[in-house]
Structures are given as structure tokens and as C-alpha cells.
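Here the structure comes first, spelled out in C-alpha cells, and everything after it is commentary.
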Protein chains: 2
Amino acid sequence: MSITIKDIAKIANVSITTVSLILNNKCHNIGEETIKRVRSIIEEHNYRPNALARGLITSKTRTIGLLVPNITNQFFAEITKGVEDGLSEHGYNVFLCNSYNDIDKEKQYIRVLKEQRVEGVILSSTNTVTQDYYSYLKEQGVAFVLLDRHASEPLNNGIIVDDRKGGFLAAQHLLELGHRKIGCLVESTGLCNIDERLHGYKDALAQYGVPYEEKFVVSGELTIEGGCQAAIKLIEEQIVTAIFATNDLMAIGVYEAAIQLGKRIPEDISVVGFDDISFAHYLTPKLTTVRQPIYEIGRRAAANLIYILQNKLYMPSTEVLDVELIIRNSTSSPR
Amino acid sequence: MSITIKDIAKIANVSITTVSLILNNKCHNIGEETIKRVRSIIEEHNYRPNALARGLITSKTRTIGLLVPNITNQFFAEITKGVEDGLSEHGYNVFLCNSYNDIDKEKQYIRVLKEQRVEGVILSSTNTVTQDYYSYLKEQGVAFVLLDRHASEPLNNGIIVDDRKGGFLAAQHLLELGHRKIGCLVESTGLCNIDERLHGYKDALAQYGVPYEEKFVVSGELTIEGGCQAAIKLIEEQIVTAIFATNDLMAIGVYEAAIQLGKRIPEDISVVGFDDISFAHYLTPKLTTVRQPIYEIGRRAAANLIYILQNKLYMPSTEVLDVELIIRNSTSSPR
DNA sequence: CTGAAAGCGCTTACAG
DNA sequence: CTGAAAGCGCTTACAG
């Protein structure tokens, strides 16, 4: 149905080799006259080479897969944008896949992406990437970079941020304000990032000589609802004057919980989040949070993948981006 | 490198025809014994057919393109999710493309998607789809459905919501509360949706016998910043007691403007938005807004495209989904 | 400077 | 019940 290279060749009265060479700018030895003529015919007929046929023969599909837990989370939407920008500059297109935190769905998608012969996949896995899973990925025979995920060991070709420092910064800020009873909202499935943030929180407590109390750490889903439930549980059972939520969605949940329990932020409870999604700035009060360079994470992941594809070798190590504490209005000294 | 159908055939000691037939479940006439053996070999070697080769021959790539202005806008993130869910159920994968409201980028992407031989594209165009552009799309020879966009004429194969009713509902609510000086924040590039919402606003004014005043309508970008700037301009120049922002991001901008100008919502100014993105619920005060079934829009678009692909005919008309006014705390009677 | 031919990995009539 | 062969639309040595 669509016009093919054969048609163009016939119209131009040359061989398909010639057309192909021109198409791929390998036409050093072809007559200028011919080139011009063929080009104009291509133009005129709005001919576009079939990427499938091309991919079949070159194994270059100019296609990559991006696998995230949920595009609806602002954090991943922003990352996705970074990935797409970084990739499209190099002529790559992206298959978007949501795993919905379902590891089976994730594996299923990896299989489909392989079928589609993507050149690589950028993966923000549902789980922490264990050695086993890492091996599994390697076996798949596609290049990949881990996004916002630590691999448990041979920490390579990934992009992460300094989560531990972020957790430290958050807790330090609260400690400096004079808080001593600081709750922490985490997630239970053992995502490394969250563990690291909790680790940083503990580091800060230790540095300020405040004993770590397990009862101050409550887990829930990394969503608004999850944060709200966890915060209610924490506030009802313990006397905390501040809460460090290990992501911004949970922090929003704390705001909700505060409304329901009749507490004011920051007068009754100070709140610090993590991520700095764009809405953090539009909450009332504006959220104090640890900023990750979200868009940049996406771009770097794209850049790393391009590097791997072009050089056929993996990066030596995981790249660690810096974080920064953004102080706004959700924190103050305890009364 | 990857294992092929030929390898499987050789190992199983059958022809590649047989393997292919089994792969495609067209094996009515093949011995059970053979089927089992081949299946287990496929399993064992983790063989997956090359989608490129398959697509080349069948022209079924099981692939579609989704083109949105900006995935970072919650509205489109939610739609994207709906599209992906609706499509993946039918075994389709989606290429995600952000046009960033750049019509050239949009056309560029359509070309690339064509090259990739997507079976169809779901398009939320930057512009209102004019007759000319509609023809252009048709010429591309890919099936497409228009998402959240009216085609100016032969209104077909699209999904939209009842924007005019939505605008009416928003204004009616404010009028019922007793407001008579109601500002309206719109967008200037002439996006149909916004025009329709403005239309509904005028309808309501007319019905309540309130004269329409052009000076109450200010335009800006459909973003938080755009809404903020437009609101500041409106509030400084006119005495309005309420503002209808034609999307939620602009409404958030009004909140910002209110802070900057020392106005309280809803005491000094009532605000109504449009979309009901999830954050509308977490603003302070919670935003009164016109809810669109965002996720559903995405799913329907996917369903429509599947329908078109399976039946090789376009839907007779644009599907119009209903909207609903969600009254929360950003509106009250004027003082 | 240009073309004929092989081949990428599949599917699908067709033949037996 | 199974296989040989043509062909999808390209690219790329190789030959001239």
C-alpha cells in the first residue's frame, strides 16, 4: 500500500541500491545529478523508508523501552520527559510501559520489548534490583540502565541520587530546629532508596545524640493515601513534633492526616518531604522537601543508554546525583 | 545473535512452517506430539519471535503512537495511563511522544511514527484540528483518533467532553452563589475546548440576565504561571468576586496570585477550575472544579482505535463524555 | 559511478 | 499431517 524503495527506484530509473545509498547518506560516489533527482522524487512522493525492514536488517530499531511503576506519579512523569528529550535528540523513540508495581507485569513487558527488538531499556524496577534479578536482566540480551534504583551489587550502569544524604539533610534540618521526637514514614517492600533515606535519618539522629526509636518509623504505600494512613497511625500512637516523609506524595498524605486530626502544620507538626515534585510548591503551607534533580535523572539515564549503545560497553559504575534541601514553610521549631 | 525460528525448527527437526504455525496457534492439523515437543523447545530456549520480521510481513506491528502536548501535565499523564491500559489489554504497545505544543514537532513525530509503521495514532493535537490539518492527517494513511480535540468539521473518530456544559456548570454555580462580576481565564491560541468552556460561561450569564463583559475575560497559558499572571492582571484591573479558570493548572495559578495580592479564597475571591486533576483535592482550600473523566477519556480513545483497526472503518462521530461539577471549598457567596 | 544478488526472520498460500 | 518456496522492504558486500 505504502510506497516503497522499489517504486522510487523505478520512477527515478535507478537501482534500489542507489536509492538506499542516498537515503542513508552513503552517496559519496553517486552523481550529483542522480542524487538531486532521487531526492526530489522521494520528497515529491513523501516516501519514508520502512523502519521494520531497516531494523530487521541492521538490528538498529532506534527504539528503546521505558519501564516505570506509574506514569501518574509526577515524579515519573517528569523523569519520562527527561528520558524522551534525551533520547529524541538522538533519533530514538520510546515505548512507554507502566508496571504498576507488579513484578510479573514488569517481566512481561521486558519480554514484549525484546520482541519489539528495542535496542535498550531504561528500567525503574518495582523492586530493589537483586543480584538474581540483575542476572536475569543481563540474560535478556538487551542493554539497560537502572533508573532511580540501586543494583544490590556490581553497581553499574545506573542513575541514582544520594538518598542517604537526603535523609540526613531532612532529619538534620528538623533537629536543628529543635525537634527530638521525629517520625519517619517509609515503605515496607524494602525499596533501597527508601532504606537509604531512613539510613540518613538515623545518621543525623546519631550525630545529634538523639536515640533512634523504632516506634517512630511507620510504613505505608508511597502514595497520598499511604502517607495519610501512616501519619494518622503515627500521630495517634506517638507524640511526635515532626515527620519526615520519604517521598512527597506521602508528605501530602501527612497534610491530609493533619486536617483530619485537627493539627496545624507547622505549628503542631513540622513536615519534610522528599522529591520536590512541582506541586510541593503549591501546597499550603509550601512543603519543605529534599529536591532530587528529577528531570536530570531522566536525561542522564538517556545519555547513559546512548553511551552504552554507541560504545557497546557498560558504564563502570552507578552515577550518583546530588540532592538539596529546599526549606519552605512546613517546618518550624516545636512549641 | 538471538535465537530464530530456524534454530527452533532445526532443533525440533521440523520445518519452520510447522514452528510458525504453532507459534500462531494455527496448528489445527499438527500432531499433538509435535506441538508439545516444539512448545517445550521454544520454552526451553526462551525463544521470542522477532516482531519486526513479523510486522514486515503481516503489517501488524501491534504498535500505536500516542502524541500529547506534555506528559508532565497531570491531565495528560492520567490520559496516558488510560490509553496504555486500554491498549495493552489488546496486546498493543505505545510509543509516547511529547509535542510540547509545537506543531512542527508534532508533524515530525507523526512522520517518525509512520516510519515505525504504527497501526494507528492517538492524537491530542497542539491546535484545534482544522479541516486542512484533518485532511493532512488522513493523507498520512494511518488510523488515528483525536483525543480531547474537536475536529472543526466531519466530527468523527474523536473523544471529547461536553466542554460547553462544563463552562455552564462552573458559571452557574458562581451565579447561584450570588456572584455577578465573574472573571474568566482562557487561552489565546484558540483551542476549541477552551472556546467551548467560555461559550458555556456566556450561556450561563445570559440565562441569569447578567451582561457579558469582555474585560472580565483574560487569556494566558494553560499553566500555573499562565494562570497566575492572568489572574493578577484581572484582579488588579477589575473588581471581580469570582474567577472561572478554564483548567485546573490555571486555577492553581489563581491561588498563587491570591497569595501575592493578599486576597483570601474564597472570602475575597471564589475560584472554579476545570479538569479535576488529582491535586485539586489537595489544595487549600480544596478546589471546586468541573470534573472530566480523564482516565476514561484515555481508555475510550484506546477502545475507539482498536475498533477502527479491527473493523477498518471509522466511528461515525465524535464521542462526547459527560462532565460534573465537584463543589469543594474554593467557592462561597460574595461578601 | 551504478546494479544484481543475497539475506535479515518471519508468514502464508500451495503442494503433497 | 508437514515442508519447500516466495516474498515483506530494506541494506550491504561485491562486481563491473
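Naming convention: chains lettered A, B, ... in sequence-line order (proteins, then strands); numbering from 1 in each chain. Reckoned from all heavy atoms, side chains included, excluding hydrogens, waters and symmetry mates.
- Salt bridge annotation for A:Arg299-A:Glu89: present, with a cationic side-chain nitrogen under 4.0 angstrom from a carboxylate oxygen.
- B:Gly298 and B:Val83 make their closest contact through O-CG2, 3.4 Å (heavy atoms, listed as atom of the first residue, atom of the second, distance).
- Proximity of A:Ser20 to the phosphate of D:dT11: a side-chain N or O atom is located under 4.0 Å from OP1 or OP2.
- An OP1 or OP2 oxygen of D:dT2 is reached within less than 4.0 angstrom by no side-chain nitrogen or oxygen of B:Thr18.
- Nearest nucleotide to the A:Ala53 side chain, out of C:dC8, D:dC10, C:dT2: D:dC10.
- When rounded to the nearest whole Å, the span between NE2 of B:His28 and P of D:dC1 equals 13 Å.
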**Item:** DNA chain C base-pair string [pairs: Watson-Crick or G-U under 3.5 Å; |: paired with another strand]
**Value:** |||.||||||||.|||
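- Separating the OG1 atom in A:Thr4 from the CD1 atom in A:Ile16 is a distance of 8.5 Å, to the nearest 0.5 Å.
- Here D:dC10 presents its P atom at 11 Å from CZ of A:Arg48, a figure rounded to the nearest Å.
- Comparing C:dG9, C:dT12, D:dT2 by their closest approach to the side chain of B:Asn50 singles out C:dG9.
- A straight line from CG of A:Leu21 to P of D:dC10 spans 15 Å, rounded to a whole angstrom.
- In this structure, the nucleotide among C:dT11, C:dA13, C:dG7 sitting nearest to the side chain of B:Thr17 is C:dA13.
- Proximity of A:Asn24 to the phosphate of D:dT11: a side-chain N or O atom is located under 4.0 Å from OP1 or OP2.
- Listed nucleotides D:dT2, D:dT11, C:dT11 differ in distance to B:Ile16; the shortest reach to its side chain belongs to C:dT11.
- DNA chain C is contacted by no residue of residues 107-120 of chain A, taking any non-hydrogen atom closer than 4.0 Å.
- Contact between the side-chain N/O atoms of A:Lys6 and the OP1/OP2 oxygens of D:dC10 is not found at any separation under 4.0 Å.
- Put simply, A:Ser15 has a side-chain N or O that comes within less than 4.0 Å of OP1 or OP2 on C:dG3.
- The CG atom of B:Leu56 sits 4 Å away from the C1' atom of D:dC8 (whole-angstrom rounding).
- One finds no side-chain N or O of B:Tyr47 lying less than 4.0 angstrom from the OP1 or OP2 phosphate oxygen of C:dG9.
- Counting all heavy atoms, side chain and backbone alike, B:Ile308 lies closest to B:Val145 at CD1-CG1, 4.1 Å.
- Taking every side-chain heavy atom of B:Ile57 into account, D:dG7 is the closest of C:dG7, D:dG7, D:dT12.
- Under the 6.0 Å distance and 45° angle rule, A:Lys107 counts as a cation-pi partner of A:Tyr136.
- Looking at B:Asp102 and B:Tyr109, their side chains never bring a donor and an acceptor atom within 3.5 Å of each other.
- Put simply, CD on B:Gln140 and CZ on A:Arg48 are 10.5 Å apart, with the number rounded to the nearest 0.5 Å.
- Taking atom CD1 on B:Ile3 and atom C1' on C:dC10, their separation rounds to 15 Å, with Å as the unit.
- Atom CD1 of A:Ile5 is separated from atom C1' of C:dA5 by 15 Å (rounded to the nearest Å).
- Nucleic acid contact for A:Thr58: sugar-phosphate only, since backbone atoms but no base atoms lie under 4.0 Å from a heavy atom of the residue.
- Listed by chain and number, the residues in a salt bridge (charged side-chain N to carboxylate O under 4.0 Å, His left out) with A:Glu296 are A:Arg300 (sequence neighbours excluded).
- With hydrogens and angles left out, the side-chain atoms of B:Tyr134 and B:Glu139 include no donor and acceptor closer than 3.5 Å.
- Rounded to an integer number of Å, the gap from A:Arg37 CZ to C:dT2 C1' is 12 Å.
- Rounding to the nearest 0.5 angstrom, the gap separating the CD1 atom in A:Ile30 from the NZ atom in A:Lys36 is 15.0 Å.
- In this structure, CD1 of B:Ile22 is placed 8 Å from P of D:dT2, rounded to the nearest angstrom.
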